[in-house]
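Only one structure is covered here, and it is reproduced in the block below.
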Amino acid sequence: MTAPGITVPDTVEELLGDTETEQEVPWVVIVWNDPVNLMDYVVFVFQKLFGYSRAKATQLMRQVHHEGKAVVASGTREKCEIDVARLHAHGLWATMQHDK
Amino acid sequence: MSRHFSRAKDGSLVVRMEPEEVALLQQLAGELTELLENPSADDAVRDRLFPRAYLDPTEETAEDEWQRYVHQDLVSGRLDALKVLVDTLPTEPGKRGRVEGRLTEEQEAAWLGVLNDARLALGTRLGVTDDDDAFAVDPDDPMYVAWNVYAWLTALQSDLVQVLLAGVPPDGHE
């Protein structure tokens, strides 16, 4: 899988405007509980994709399982779009939204 | 069920299966390939394999752009993994009538992905819930065979994940 390329803004205003908004309100990547994915598989994917320790990956997996969802990553819109695509490539149900 | 995957001393992954299991994997891979190459417009399996990135309906433009960037890559990645699995299905005669094969790191990742995709597709069709026990399905259930295939895939993937997790350092590298 290739990652989305870097988008070149059409105007300076677009560049400045976007940059300021993105810095003020970061984005978060959420993984949702689903009845198919195996718990150990989810731990493996979190470690592989994000380099998390076994302990952190396990804690996030448990949070997904018991609370229905967990924030697994955060950052700019672009970074989160890539993270969501990588999670989808591994069959995890992930979405992204503003961290309000 | 005896172990299907084990780590060899040279680092490769050894796969050992019954010939019938190899045939079943080949059949499932064919069905999954067909589903990915000819997606029906309104398909719950498609929605599960390719979910939205944005839930917020006001982000529809961003969602469309994101789909344009990544969807074809996600489809191609899954099809490539299916090809790798079919090309590396075990063929060498092993002990007790089983067949054996060896996988590289890239190939084992493809196997893991296909097993997970096959469970997602079948699990969606069966309407699996958190409380379901695939081993407790009534033999008179019209989906009995499908449930058994799902349970077998689950055992197979679980076995593979255990071997792969054993090779991941617990400390991480954030």
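Here is the naming used below: chain letters follow the sequence lines, and residue numbers restart at 1 for every chain. Not measured: the values here are computed from a predicted model.
For the set B:D117, B:T154, B:L164, the count of heavy-atom pairs under 4.5 angstrom toward chain A peaks at B:L164.
When all heavy atoms of A:N37 and B:R119 are compared, the pair lying nearest together is CA-NH1, 4.5 Å. Closest heavy-atom contact between A:A89 and B:R78: O-NH2, 3.9 Å.
Residues of residues 48-55 of chain B that come closer than 4.5 Å to chain A, counting heavy atoms only, are B:R48, B:L49, B:P51, B:R52, B:A53, B:Y54, B:L55, ordered by residue number.
Remark: side-chain polar atoms of A:Q47 are paired, donor with acceptor, to backbone N or O of B:P169 under 3.5 angstrom. Remark: side-chain polar atoms of A:R54 are paired, donor with acceptor, to backbone N or O of B:L165 under 3.5 angstrom.
No side-chain heavy atom of A:K48 sits less than 4.5 Å from a side-chain heavy atom of B:V168. In this structure the side chain of A:L38 reaches within 4.5 angstrom of the side chain of B:S158, judged on heavy atoms. Contact annotation: the side chain of B:N116 never approaches that of A:V36 to less than 4.5 Å [non-hydrogen atoms, C-beta and beyond].
For A:N33, the part sitting under 4.5 Å from any heavy atom of chain B is the side chain, from C-beta outward, and nothing else.
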Item to check | Derivation and outcome, side-chain contact (heavy atoms from CB on, under 4.5 Å), residues A:F44 and B:L112 | outcome: CA-CA 11 Å; A:F44 176 77; B:L112 182 66; 3.5 Å; yes
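For B:E105, the CD atom counts as loosely surrounded, since its 6.0 Å shell holds 12 or fewer non-hydrogen atoms of other residues, nucleotides or ligands. In A:K69, the NZ atom is not crowded: 12 or fewer heavy atoms of neighbouring residues, nucleotides or ligands sit closer than 6.0 Å.
Going from atom CH2 of B:W66 over to atom CE of A:M96 covers 9.5 Å, rounded to the nearest 0.5 Å. For the atom pair A:H88 NE2 and B:D73 CG, the distance stands at 14.5 Å (nearest 0.5 Å).
Remark: the A:Q97 side chain and the B:D56 side chain contain no N/O donor-acceptor pair separated by less than 3.5 Å.
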